[in-house]
Amino acid sequence: MSVVDRAAAAAGVPTGFYTLVKREILRYVRRPRNTFIPPFITNVLYFSVFGVVLGSRVGEIIGVPYILFILPGLVVLGAVSNAFENASFSIFHGRWNEYIDETLTSPLSYAQMVWAYLLSSALRGVLVGTLIAVLGVLIIGGLYQPVPVEQPLFLVAFMLVITLLFSSLGIVGGLVAEDFDDLTMMNQFLLRPLVFFGAVFYSLQDLTPLVRDISLLNPMVYMVNGVRYGFLGVAEVDPLISLAVLTGGTAIVVTADIILFKRGYGLTD
């Protein structure tokens, strides 16, 4: 028994719940080439093109160098994409190969099942987001200036909330998907547009009042601004309002996940 296994047992974590969480974590940790290498390469390209090449022309936004301005958005992009993809793939792959039936017939409660998938997927999002942040620190610190972390508690809170939110959305995606193409479409035509119109690469101040008001309907705006506040100490949306909106949204979607599991939506014929 490993140290982690003994710690979980000592803390009184239910064996079935811990086993499901461990299985889901090992599934992506054992495949680092699929989990960590793609976001590493993608973000090297983002930093090179948007940060270094375009950053010299854009200059500063809200008083910070452009490459530093986009760092929080890239962290959010990597974190939520991986959290969503992991949860949706786990659920759908389990349905496709019918091994999710073993989970459904286990003594776990529906809430425990949902939270096992949520926590394992959120952890993947946090790990990838951390990888991107470290990469940004190395590139930006080497080329421009040290990357600050002005509000670490807010940064941690937002990273936890946004990864849990998109993990819970990923569970919904995994339940409604009818084939693997549906998962790809969700990521490309739903998730990516939200990210790129979520003030990752531009400031809300650059938008017209009407477009800015419409942009506030996009939850990604609150996520990016919240993480940006954690890093830089500046935000275009009140971070407390952002955190409250995202926490409320997460609670609603998680509750919906548990209800869908109880009803067997997409899980049983």
Side-chain angles (χ1 to χ4, degrees), residues 1-40 78-131 159-180 182-184 186-187 191 250 253-269:
M1 182 180 291
S2 68
V3 175
V4 176
D5 294 338
R6 290 196 294 268
V13 178
T15 302
F17 173 76
Y18 172 73
T19 301
L20 182 55
V21 172
K22 181 179 178 180
R23 185 194 74 181
E24 290 300 310
I25 292 175
L26 290 177
R27 184 180 61 79
Y28 58 78
V29 169
R30 287 174 173 171
R31 302 182 57 144
R33 289 180 298 179
N34 293 3
T35 304
F36 303 113
I37 300 300
F40 176 85
V80 301
S81 296
N82 278 268
F84 180 89
E85 291 172 7
N86 192 82
S88 60
F89 179 83
S90 291
I91 297 296
F92 180 76
H93 194 263
R95 291 171 54 212
W96 185 269
N97 291 282
E98 299 183 351
Y99 63 81
I100 200 171
D101 295 342
E102 299 175 2
T103 302
L104 296 173
T105 56
S106 70
L108 292 174
S109 68
Y110 293 112
Q112 288 176 326
M113 296 177 196
V114 168
W115 275 104
Y117 287 111
L118 286 177
L119 293 177
S120 56
S121 298
L123 177 61
R124 176 172 174 172
V126 170
L127 289 175
V128 172
T130 302
L131 171 66
M159 288 298 293
L160 292 176
V161 169
I162 66 177
T163 51
L164 284 173
L165 174 57
F166 272 80
S167 296
S168 59
L169 291 172
I171 289 179
V172 176
L175 292 174
V176 304
E178 297 182 359
D179 54 42
F180 285 100
D182 288 343
L183 298 181
T184 301
M186 290 176 193
N187 185 49
L191 181 59
T250 301
V253 183
V254 171
T255 301
D257 289 339
I258 296 173
I259 292 173
L260 291 174
F261 260 69
K262 286 182 178 179
R263 294 182 177 179
Y265 182 87
L267 298 169
T268 57
D269 296 331

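Residue indices begin at 1 and follow the sequence shown. Model, not experiment: these values are computed from the prediction.
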- Item | Test side-chain contact (heavy atoms from CB on, under 4.5 Å) applied to Leu108 and Phe17, step by step | CA-CA 7 Å; Leu108 292 174; Phe17 173 76; 4.0 Å; yes
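- Side-chain contact between Ser168 and Ile171: absent, with no pair of heavy atoms (C-beta onward) separated by less than 4.5 Å.
- In this view, Asn97 and His93, Tyr99 satisfy the side chain to side chain contact (heavy atoms under 4.5 Å, CB included) rule, not counting sequence neighbours.
- Shown here for Thr163 and Ala83, the closest heavy-atom pair between the two residues is O-CB, 3.6 Å.
- Scanning both residues, Pro38 and Arg33, for their nearest heavy atoms gives CD-O, 3.0 Å.
- Remark: Thr15 engages Thr19 in a side chain to side chain contact (heavy atoms under 4.5 Å, CB included) (not counting sequence neighbours).
- Thr35 contributes no side-chain N or O that, together with a main-chain N or O of Pro32, makes up a donor-acceptor pair within less than 3.5 Å.
- Within the model, atoms CZ of Phe84 and CD1 of Ile162 stand 14.5 Å from one another, a figure rounded to the nearest 0.5 Å.
- Looking only at side-chain heavy atoms (C-beta outward), Thr103 and Arg23 come within less than 4.5 Å of each other.
- In this structure, Arg95 contributes its side chain and Ile100 its backbone to no donor-acceptor pair below 3.5 Å.
- No side-chain heavy atom of Val21 sits less than 4.5 Å from a side-chain heavy atom of Tyr18.
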Show me, pair by pair, the donor-acceptor contacts under 3.5 angstrom made by side chains of residues 120-129, not counting sequence neighbours?
residue	atom	partner	partner atom	Å
Ser120	OG	Ala116	O	2.9
Ser120	OG	Tyr117	O	3.1
Ser121	OG	Asn86	ND2	2.9
Ser121	OG	Ala87	N	3.2
Ser121	OG	Tyr117	O	2.9
Arg124	NE	Asn82	OD1	3.2
Arg124	NH1	Asn86	OD1	3.1
Arg124	NH2	Asn82	OD1	3.3

- Item | Worked verdict on Glu85 versus Tyr28 for side-chain contact (heavy atoms from CB on, under 4.5 Å) | CA-CA 11 Å; Glu85 291 172 7; Tyr28 58 78; over 6 Å; no
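- Under the ring-ring contact (aromatic ring centres under 6.0 Å, His included) criterion, Phe36 pairs with no residue at all, not counting sequence neighbours.
- For Arg31, there are no salt bridge (charged side-chain N to carboxylate O under 4.0 Å, His left out) partners, not counting sequence neighbours.
- Partners of Ile259 according to the side chain to side chain contact (heavy atoms under 4.5 Å, CB included) rule, which considers only residues two or more places apart in sequence or in another chain, are Thr255, Arg263.
- Counting only heavy atoms from C-beta outward, the side chains of Phe261 and Leu267 approach each other to under 4.5 Å.
- For Val176, the side chain to side chain contact (heavy atoms under 4.5 Å, CB included) partners at least two apart in sequence or on another chain are Val172, Met186, Tyr265.
- The shortest non-hydrogen separation linking Lys262 to Tyr110 is CG-CD1, 3.4 Å.
- How far CG of Leu20 is from NZ of Lys22: 12.5 Å, rounded to the nearest 0.5 Å.
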- Task: Using the side-chain contact (heavy atoms from CB on, under 4.5 Å) rule, take Leu164 and Trp115 through it: C-alpha gap first, then chi angles, then the decisive distance, then the call.
- Result: CA-CA 10 Å; Leu164 284 173; Trp115 275 104; 4.0 Å; yes
